[in-house]
Amino acid sequence: MVRRADSEAPGAGGAARPGKVLVHVPSGEVVSSYEVLERRLRELGWERYLNDPCLLQFHQRSTVHLISVPRDFARLKLVHMHDVVVKTRNVFQVRDA
């Protein structure tokens, strides 16, 4: 199940408004850095690609899915959060802070 968070303003390019956070559902932990995100993704069998200077990319060997996020955590947008949610069903959610 994917919930739509209505924080995208037209023309905002998917920027997350303050107040939207990515949450690891089983633990309730807010993803506050890429270290947290990578740790949680590794627990699910995701691996990190190291070949793009602009993006952090994660993939699972058992699927064709690829999660791509900007290398700078401050540039993480709502569209990136939803990409994580869709590709890790029932593990992450976008919530109001």
Side-chain angles (χ1 to χ4, degrees):
M1 179 173 95
V2 177
R3 246 183 21 167
R4 181 172 176 254
D6 291 321
S7 69
E8 289 189 43
R17 287 184 183 169
K20 296 294 181 184
V21 293
L22 184 63
V23 176
H24 180 254
V25 175
S27 68
E29 180 179 23
V30 172
V31 176
S32 57
S33 68
Y34 283 139
E35 290 78 20
V36 172
L37 179 61
E38 184 169 2
R39 177 172 39 89
R40 294 302 185 179
L41 288 174
R42 282 181 188 241
E43 292 171 358
L44 299 170
W46 289 81
E47 299 176 349
R48 187 167 156 188
Y49 277 149
L50 301 173
N51 61 351
D52 192 313
C54 298
L55 298 171
L56 293 180
Q57 296 180 314
F58 302 92
H59 81 287
Q60 272 186 320
R61 291 180 190 237
S62 61
T63 71
V64 296
H65 295 303
L66 183 68
I67 295 172
S68 297
V69 293
R71 191 167 286 277
D72 179 3
F73 189 78
R75 295 180 180 261
L76 185 72
K77 297 181 180 180
L78 190 57
V79 69
H80 302 115
M81 293 181 195
H82 279 291
D83 188 40
V84 172
V85 168
V86 167
K87 293 174 182 167
T88 61
R89 299 211 183 270
N90 302 316
V91 178
F92 290 94
Q93 287 182 342
V94 175
R95 297 182 184 167
D96 293 326

Do Met81 and Val91 land in one hydrophobic cluster if side-chain heavy atoms of ILVMFWY residues count as linked below 4.5 Å? yes
Using the side chain to side chain contact (heavy atoms under 4.5 Å, CB included) criterion, which residues pair with Glu47? Sequence neighbours excluded. His59, Arg61
Closest non-hydrogen atoms of Val25 and Gln93, given as atom of the first, atom of the second and distance, are CG2-CG, 3.5 Å
Between Val86 and Val23, is there a shared hydrophobic cluster once you connect ILVMFWY residues whose side-chain heavy atoms come closer than 4.5 Å? no
Would you give the length of the straight line joining atom CD1 of Ile67 to atom CG of Leu55, rounded to the nearest 0.5 angstrom? 12.5 Å
Calculate, to the nearest 0.5 Å, the distance between atoms CG and CD belonging to Leu22 and Glu29 respectively. 10.5 Å
We want to know whether Thr88 and Arg40 form a side-chain donor-acceptor pair, criterion being a heavy-atom distance below 3.5 angstrom. no
Calculate, to the nearest 0.5 Å, the distance between atoms CD and NE2 belonging to Glu43 and His24 respectively. 5.5 Å
Just verifying a value: how many Å separate Leu76 CG and Arg71 CZ, rounded to the nearest 0.5 Å? 14.0 Å
Closest approach of Trp46 and His65, non-hydrogen atoms and distance? CH2-CB, 3.7 Å
Can you tell me how far SG of Cys54 sits from CG of Asp72, rounded to the nearest 0.5 angstrom? 11.5 Å
Between the side chain of His82 and the main-chain N/O of Val79, is any donor-acceptor distance below 3.5 Å? no
Might you confirm whether atom CZ of Arg75 has over 12 heavy atoms from other residues, nucleotides or ligands at distances under 6.0 Å? no
Test log, rule side-chain contact (heavy atoms from CB on, under 4.5 Å), inputs Leu78 and Val94: CA-CA 8 Å; Leu78 190 57; Val94 175; 3.6 Å; yes
Nearest 0.5 Å, what's the CG-CZ distance between Asp83 and Phe92? 12.0 Å
Phe58: ring-ring contact (aromatic ring centres under 6.0 Å, His included) partners, not counting sequence neighbours: none
Val21 versus Val30, closest heavy-atom pair with distance: CB-CG1, 3.9 Å
Check this for me: does any side-chain nitrogen of one of Glu38 and Arg42 sit under 4.0 Å from a carboxylate oxygen of the other? yes
All heavy atoms of Asp52 vs all of Gln57, minimum pair found to be CB-OE1, 4.3 Å
Any side-chain heavy-atom pair from Leu66 and Ser68 closer than 4.5 angstrom? yes
